[in-house]
Peer 1: 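Pasting a structure here, questions to come.
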Amino acid sequence: MIHVENLCKQFSDLRRGSIAALEGVSFDVRPGEIFGLLGPNGAGKTTCLRILSTVLKPTSGTALIAGYDALTQAAEVRARIGFMSGNTGIYDRMTAWELVEYFGRLYGMQEVLLQQRLFEIFTTLHMLDYRDVLGSKMSTGMKQKVSIARTIIHDPPVLIFDEPTTGLDVLVARAVLNAVAALRDKGKCIIFSTHIMREVEKLCDRTAIIHKGRILAAGTPVELGERFHQSDFEELFFGLISQAEEGMAASR
Amino acid sequence: MNWKNVRLIFLREVRDQIRDRRTLFMVVILPLLLYPGLAIGMVEVQLWSNEQPRTVVVLGAANLPQKPQLLEKGGFAAEWFTVPSDVNKLQVVADAGSPPPDDKAAAKRAVELLHAARELRPLVEQLGSLQQAAREAGKSADGDRLLEQIRSAKDKVAEGFSTTKIQVLIIVPAGLTQRIEQTNQMLAAKGTETADGASSKSPLGFLVVENSADEKSGFGYQRVKQILNAWEQRILQDRLSQAKLPPTLATPVNPMTIDVAAVKQFSANIWSKILPTLLIIMAVTGAFYPAVDVAAGEKERGTMETLLICPAQRSEIVVGKFLTVLVFSVANVLLNLGSMGFTGKYVVAALRTEALSKTGGGVLTFPGAWEMLWLAILMVPLAAFYSAISLALSTFARSTREGQYYLTPLLFVTLGLTLFCMSPAAEIDPFYSILPVVGPALLLKEVLAMPGSTAPLVYVLPVLMTSIAYSGVGLWWAISMFNREDVLFREAERFDVRLWIRHLLRDKESTPSSVEAVICIVLIMLLQFGVLELRHGTGPLSGIEMLRLLIIQQLVFIGCPALFMGIMLTTSVVRTFRLRLPSWKYLLMACAMPLALHPLSFSLGMWLQKWFFPPLPEQIAQIARVMANPEIPWWLVILAIAVAPAVCEELAFRGFILSGFVRSSRPSVAIVLSSLAFGIVHMVPQQVFNAMLLGVLLALFALRSGSLLPGILFHLTFNSLEIVRERASSLDLKGPVVDWFITTTTSKDNEHLLQYSWPTLAIAFVVAALLIANLIRSAPWSKQPTDDDLPNRARGESTAPPARPPVATR
């Protein structure tokens with residue numbers, strides 16, 4: 001469902017010159033699985049996911065989502081994905097219902113189906129109480145739920161989550177993670193980025209460890225454990241990172 | 001473009017703006033309350049303000065003639081005032097002839113004033129005689145000395161005035177009445193006695209002193225002057241009737257003024273100035289705040305990315321937002337104008353009190369339906385233009401605050417243009433009608449100034465068409481902003497000039513960037529202005545000097561900057577300036593095309609000059625004369641007017657600047673931009689037009705052939721042909737075959753003008769069309785000079801997307 005091959009992205013910054021945010025990133029995600037993108041800050045997770053959502057254009061490489069190329073068939077891709085990140089806010093002056101309805105219409109949903117689905121989603125996520133509350137008056141938890149509702153209103157086959165639990169308290173974060181798991185059980189193809197180990201352990205079927213724009217390793221926890229002879233996932237992660245750092249320091 | 005999406009986005013944005021209390025207040029509430037409030041305020045202030053009576057001190061009042069009487073109790077006699085109630089505006093304190101005021105304080109003040117006046121009297125009389133002497137001395141050493149004395153005397157009197165609060169001082173000389181009587185009698189006796197010296201000189205000593213720099217004194221003096229004039233006229237009339245002479249003696253011609261201004265026309269004149277100004281300002285302010293909120297505000301609130309990931313195209317998003325801004329701009333205009341009209345019609349009328357009529361609140365008729373219709377029609381393109389520009393600027397801004405900073409320059413430029421439009425000198429003509437903002441504003445001014453006239457309507461089509469085009473360009477710019485990652489996701493940068501310069505010099509690439517191209521253009525333009533200043537400084541030049549100056553100007557101010565920038569900022573001068581040999585085909589075409597194009601371009605220029613362009617500046621006409629002058633060596637003329645511009649301008653515009661634009665835009669866009677720059681640098685409208693068109697062809701040559709040489713050849717040939725034409729015109733060629741192709745006319749200044757006749761133009765047109773078509777289709781865009789690093793698809797050099805994505809070479 002998601003096929004990324006040799007994705008590269010370069011930015012130029014006055015101070016630092018040319019920066020490679022992504023270098024030769026490749027991975028695949030299948031339907032019905034959650035693929036985790038684990039890495040420290042600045043690893044390139046957000047850049048990668050923004051490319052998948054067509055908001056950024058890659059410098060080179062391919063990204064195929066649900067069979068469409070992110071560069072040349074961007075509109076088709078956007079119609080088939082749901083994207084949620086720390087940067088996708090909600091409108092202050094719209095109510096929860098209005099906002100999700102608006103995006104539903106932008107996704108080209110039929111009116112009758114849209115209303116049905118709205119009701120369904122709001123019920124499942126327990127949002128009916130505040131369906132007419134304005135965005136500015138919502139708590140963080142409510143806002144997050146509205147974002148989730150917006151992400152899934154058009155029932156997309158592919159879902160992209162970029163650090164969706166940032167800034168959330170334990171309870172709300174848990175609710176978000178449960179929702180993501182439920183979506184996986186429905187057969188969605190989900191890619192999920194985070195820097196929190198626990199989330200990866202609990203949620204992700206396969207994980208890619210990304211650092212400074214490169215994928216250091218990818219696979220299920222068992223596979224990775226066998227490959228690097230390290231059963232503790234956390235140690236595995238830190239080991240790979242420090243190895244990569246040493247490698248970079250040596251080459252400089 | 002999916003219009004359903006545009007509609008969805010538009011409706012949401014409008015609803016969002018309406019829900020914003022601040023927008024609602026600014027656009028709806030404020031106008032509705034502001035104008036009635038202002039009107040009421042102004043009327044109140046008028047009622048409270050009482051014009052203080054001005055103090056006039058008269059010394060020597062006993063010397064005034066009894067008839068006609070100048071002074072009455074405490075003031076001037078009522079008969080000298082045109083508006084009876086004005087009597088109270090001048091308070092007179094005289095030293096004789098009127099009883100002291102009843103009020104003790106007023107009486108005390110009167111005494112003080114008279115005392116102070118008497119102190120000033122000798123100084124004033126001295127000033128009077130000095131002034132008379134200075135006038136008689138004229139411009140001489142004596143005269144200058146006198147002026148010095150006068151100046152110091154005036155300063156002392158002015159000081160005296162300000163301390164004592166006397167506003168006007170009148171000094172009546174002794175013996176005034178007797179002198180008037182004397183002359184009256186002499187005239188009555190028909191002057192049988194010879195005029196003696198004393199009465200032939202003008203009676204000296206009736207002095208009226210004022211301080212025109214002090215408003216109070218100045219206004220007071222104006223009134224006093226009117227009164228004195230009226231009084232003097234009466235004395236004259238009495239004198240004439242006493243001498244049994246006709247009263248018309250003093251006014252032999254007595255021309256009578258007839259003013260055909262109707263109230264309607266008078267009002268129309270006022271509306272024609274006020275309404276377009278208001279329209280433009282309301283359109284800008286009404287567009288700007290929603291634009292800032294809808295683009296920069298969206299970025300700030302973090303909802304931009306949410307919008308970008310939905311299926312709507314960027315262009316659909318921008319058009320939806322543009323329509324929102326347009327609606328608010330138009331609404332702002334309508335509400336403001338409506339509120340103003342309502343205020344004018346009802347509120348002012350309701351407040352029409354004694355006070356208002358006393359100050360002369362004029363009668364204004366309102367513009368009729370026809371004018372309102374044109375107001376509505378022309379409002380839309382103006383609002384659309386500003387909406388597009390505001391949206392583009394707002395997209396570029398990172399936050400609403402930054403967006404608001406961009407308002408100030410936009411507002412200033414707009415105000416400047418508006419002031420220009422409202423001056424009486426600015427009238428709509430073909431040239432102005434195609435300029436942005438100026439065109440619609442001047443058209444509206446004409447329509448409002450002459451209600452019911454259909455004369456300005458001939459400009460409607462060009463104005464509307466060009467306004468729509470400009471709005472389109474603005475919108476295109478906004479959409480291109482929305483497609484740039486670096487604009488949408490701009491992080492906070494700390495702009496460090498040193499770093500930026502280091503980056504320019506350190507990270508050199510083989511060809512310049514667009515930014516460097518723009519810098520080059522700006523540099524050349526500034527240098528051109530510098531040249532203009534230089535030319536003003538030097539006196540008139542001979543032909544040869546002028547040509548030398550032209551050569552230097554081209555080399556130093558156009559060629560060198562471009563060359564230096566290329567050497568310093570790029571790694572490959574050859575690539576930047578396309579210093580390659582092209583195929584012979586292009587060289588041939590480059591020689592042939594000007595031969596065909598020159599007749600067409602020249603004739604087009606002549607035709608446009610008649611009705612479109614403003615007159616040619618003197619300097620350009622001078623150059624034309626120099627070209628034709630057979631005494632000047634032809635090789636110098638060719639060097640100055642053909643070779644130097646060909647080489648330098650090509651190096652600059654088709655070398656450095658075109659290479660810069662080609663790096664980050666499509667080739668067609670790069671061609672248009674470089675041609676625009678080339679045109680604008682010429683500054684004179686005729687040359688701008690010519691240069692823009694030629695610039696397109698020259699850029700085409702450069703890109704198609706990959707070399708600068710065809711362009712240089714073309715440019716050289718084209719300019720040389722103009723020289724040849726000028727020279728040939730002085731030869732006055734005629735003959736049976738020649739007359740088919742060219743005609744030489746002679747103007748009354750004995751200036752010859754060689755023009756091309758129809759057969760020439762027809763042939764030229766066909767040949768040119770063929771050659772140009774050949775050029776456009778000659779090859780796909782030749783390989784663009786790019787940097788040797790990562791092949792970058794985002795910098796679309798190729799017109800077709802690559803079949804397979806290139807593999808990263810890193």
Side-chain angles (χ1 to χ4, degrees), chain A residues 5-15 17-18 20 23-24 50 52-62 69 71-72 74-94 98-99 102-108 134-136 147 150-151 154 160 162, chain B residues 2 4-5 7-9 11-13 15-21 297-314 316-317 483-486 488-489 491 493-496 499-500 502-504 506-507 789-795 801-802 804-810:
Chain A
E5 194 178 313
N6 242 330
L7 207 61
C8 295
K9 178 65 181 171
Q10 219 188 19
F11 292 114
S12 50
D13 184 78
L14 259 192
R15 199 169 285 274
S18 195
E23 284 184 69
R50 275 182 172 163
L52 290 182
S53 71
T54 77
V55 156
L56 292 180
K57 290 196 181 25
T59 314
S60 68
T62 353
D69 187 324
L71 190 62
T72 53
E76 310 283 348
V77 168
R78 285 199 296 271
R80 287 167 178 76
I81 58 168
F83 183 92
M84 182 170 133
S85 82
N87 287 320
T88 52
I90 60 169
Y91 288 113
D92 282 345
R93 296 191 282 265
M94 282 182 111
E98 281 174 346
L99 185 130
Y102 171 62
F103 279 99
R105 291 206 181 112
L106 274 178
Y107 281 111
L134 288 177
S136 52
S147 284
R150 172 193 58 74
T151 311
H154 55 301
I160 305 175
D162 184 7
Chain B
N2 184 346
K4 193 159 151 283
N5 281 349
R7 204 176 80 109
L8 272 172
I9 295 173
L11 286 174
R12 189 213 83 84
E13 298 285 353
R15 209 178 318 144
D16 198 63
Q17 288 295 314
I18 292 179
R19 282 186 190 173
D20 181 11
R21 263 179 298 187
E298 184 115 32
K299 270 199 244 178
E300 208 177 52
R301 291 187 295 263
T303 52
M304 182 64 91
E305 203 165 339
T306 324
L307 192 55
L308 293 177
I309 54 172
C310 76
Q313 304 273 18
R314 301 279 168 95
E316 290 162 14
I317 298 177
N483 272 315
R484 285 174 48 181
E485 299 168 2
D486 54 334
L488 287 177
F489 296 105
E491 309 290 314
E493 314 148 350
R494 207 178 60 194
F495 184 69
D496 193 336
L499 263 189
W500 182 66
R502 185 150 45 106
H503 159 71
L504 275 185
R506 171 192 69 196
D507 303 324
D789 304 328
L790 279 182
N792 195 337
R793 266 191 291 171
R795 302 174 178 170
R804 273 191 17 224
V807 179
T809 54
R810 265 236 193 169

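Since the structure is predicted, the reported quantities are computational estimates derived from the model, not experimental observations.
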Peer 1: Verify the neighbour count for atom CZ of Arg7(B): are there more than 12 heavy atoms of other residues, nucleotides or ligands below 6.0 Å?
Peer 2: no
Peer 1: Under 4.5 Å heavy-atom distance to chain A, tell me which part of Glu298(B) shows up: side chain, backbone, both or neither.
Peer 2: side chain
Peer 1: Would you mind checking which part of Arg150(A) comes under 4.5 Å of any heavy atom in chain B, side chain (CB onward), backbone (N, CA, C, O), both or neither?
Peer 2: side chain
Peer 1: If the condition is side chain to side chain donor-acceptor pair (under 3.5 Å), which residues does Thr54(A) pass it with, not counting sequence neighbours?
Peer 2: Arg78(A)
Peer 1: So which atom in Tyr107(A) and which in Ile309(B) form the shortest heavy-atom distance, rounded to 0.1 Å?
Peer 2: OH-O, 3.8 Å
Peer 1: Is Leu56(A) in contact with chain B via its backbone, its side chain, both, or neither, using a 4.5 Å heavy-atom distance?
Peer 2: both
Peer 1: Which heavy-atom pair separates Gly89(A) from Thr306(B) by the least distance, and what is that distance?
Peer 2: O-OG1, 3.0 Å
Peer 1: Is there a side chain to side chain contact (heavy atoms under 4.5 Å, CB included) between Arg12(B) and Arg105(A)? Walk through the geometry before answering.
Peer 2: CA-CA 11 Å; Arg12(B) 189 213 83 84; Arg105(A) 291 206 181 112; over 6 Å; no
Peer 1: So which atom in Leu8(B) and which in Tyr102(A) form the shortest heavy-atom distance, rounded to 0.1 Å?
Peer 2: O-CE1, 3.7 Å
Peer 1: Can you tell which part of Glu76(A) gets under 4.5 Å to a heavy atom of chain B, answering side chain, backbone, both or neither?
Peer 2: neither
Peer 1: Under a 4.5 Å heavy-atom cut-off, does chain A meet the side chain of Leu11(B), its backbone, both or neither?
Peer 2: neither
Peer 1: Quick one: pull up CZ in Arg15(B) and CE in Met94(A) and give me the separation to the nearest 0.5 Å.
Peer 2: 6.0 Å
Peer 1: Given the rule in the side chain to side chain contact (heavy atoms under 4.5 Å, CB included) test, do Glu305(B) and Arg50(A) qualify, once you have shown the distances and angles that lead to the verdict?
Peer 2: CA-CA 9 Å; Glu305(B) 203 165 339; Arg50(A) 275 182 172 163; 3.0 Å; yes
Peer 1: Salt bridge (Lys or Arg N to Asp or Glu O under 4.0 Å) with Arg93(A): which residues, sequence neighbours excluded?
Peer 2: Asp16(B), Asp20(B), Asp293(B)
Peer 1: With rounding to the nearest 0.5 Å, note down the distance linking OG1 in Thr88(A) to CE in Met304(B).
Peer 2: 14.0 Å
Peer 1: Give the minimum heavy-atom separation between Pro311(B) and Ala75(A), together with the two atoms involved.
Peer 2: O-CB, 4.3 Å
Peer 1: What distance do Asp92(A) atom CG and Thr303(B) atom OG1 have between them, rounded to the nearest 0.5 Å?
Peer 2: 8.0 Å
Peer 1: What part of Phe103(A) gets within 4.5 angstrom of chain B, counting heavy atoms only: side chain, backbone, both, or neither?
Peer 2: side chain
Peer 1: Any side-chain heavy-atom pair from Leu308(B) and Phe83(A) closer than 4.5 angstrom?
Peer 2: no
